[in-house]
Amino acid sequence: MPPRWPREPDRKDPDYRKIDDRMNFAIHVAIAASINSGLWFFHNLKATTWEWLPGVTLTWTGILLVHLIYIAAIANYSDPSKSI
């Protein structure tokens with residue numbers, strides 16, 4: 001069941017931005033996992049010689065790791081209007 005938001009969604013709301021970024025990350029992980037696992041499945045099924053496949057997997061994993069680091073450690077979800 002999708003999360004329910006108790007008020008009007010607004011990208012200026014820090015709590016909404018935080019949950020939106022995390023759901024966006026979850027969608028990126030799901031897309032990467034489904035495409036990557038499909039590529040590996042056909043690679044193993046057809047016994048292909050795709051030398052580029054490990055590079056794609058490592059690159060995509062690195063991009064997801066950078067995305068995770070950004071939303072977990074770098075992104076500032078504080079309310080700028082309350083900082084004064």
Side-chain angles (χ1 to χ4, degrees):
M1 176 169 271
R4 296 187 185 253
W5 196 248
R7 51 195 179 270
E8 184 69 30
D10 183 13
R11 190 73 183 147
K12 296 175 188 165
D13 182 5
D15 293 332
Y16 179 76
R17 273 196 334 262
K18 186 174 184 177
I19 195 168
D20 185 45
D21 286 351
R22 290 175 189 242
M23 289 189 321
N24 191 8
F25 175 71
I27 289 172
H28 287 163
V29 169
I31 290 170
S34 62
I35 291 173
N36 200 19
S37 66
L39 287 171
W40 279 102
F41 174 76
F42 285 110
H43 170 71
N44 290 331
L45 181 69
K46 299 285 187 181
T48 61
T49 56
W50 292 343
E51 292 86 15
W52 50 267
L53 192 53
V56 169
T57 302
L58 289 174
T59 302
W60 213 331
T61 303
I63 291 169
L64 288 174
L65 183 62
V66 168
H67 190 173
L68 176 64
I69 290 170
Y70 174 76
I71 65 169
I74 299 173
N76 181 8
Y77 296 112
S78 63
D79 191 0
S81 63
K82 293 183 181 178
S83 64
I84 296 175

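We number each residue from 1, following the sequence as shown. Remember, predicted model here, so these are calculated numbers, not experimental data.
- The hydrophobic cluster containing Leu68 also contains Ile35, counting ILVMFWY residues as joined when their side-chain heavy atoms lie under 4.5 angstrom apart, directly or transitively.
- Under the 4.5 Å side-chain contact rule for hydrophobic residues, Met23 and Ile31 do not share a cluster.
- Taken together through direct or relayed side-chain contacts under 4.5 Å among Ile, Leu, Val, Met, Phe, Trp and Tyr, Ile74 and Val29 form part of one hydrophobic cluster.
- Between Trp52 and Leu39, the shortest heavy-atom contact is CH2-CD2, 4.3 Å.
- Residue pairs that meet the side chain to side chain donor-acceptor pair (under 3.5 Å) test with at least one member in residues 25-34, sequence neighbours left out, are Asn24-His28, His28-His67.
- Identified under the salt bridge (charged side-chain N to carboxylate O under 4.0 Å, His left out) test for residues 37-61, with sequence neighbours left out: none.
- Every side-chain contact (heavy atoms from CB on, under 4.5 Å) that Asp21 has, sequence neighbours left out, goes to Arg11, Ile71, Tyr77.
- Side chains of Trp40 and Leu53 form a contact here, defined as non-hydrogen atoms less than 4.5 Å apart.
- Arg22 is not listed as a side-chain neighbour of Phe25, based on a closest heavy-atom distance of 4.5 Å or more.
- In this structure Asn76 satisfies the side-chain hydrogen bond (donor to acceptor under 3.5 Å, both in side chains) test together with Ser78, sequence neighbours excluded.
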List the atom pairs, with distances to 0.1 Å, where a side-chain N or O of residues 58-66 and a protein N or O form a donor-acceptor pair under 3.5 Å, not counting sequence neighbours.
residue, atom, partner, partner atom, Å
Thr59, OG1, Gly55, O, 2.7
Thr61, OG1, Thr57, O, 2.7

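- In this structure, the side-chain contact (heavy atoms from CB on, under 4.5 Å) partners of Leu45, at least two apart in sequence or on a different chain, are Phe41, Phe42.
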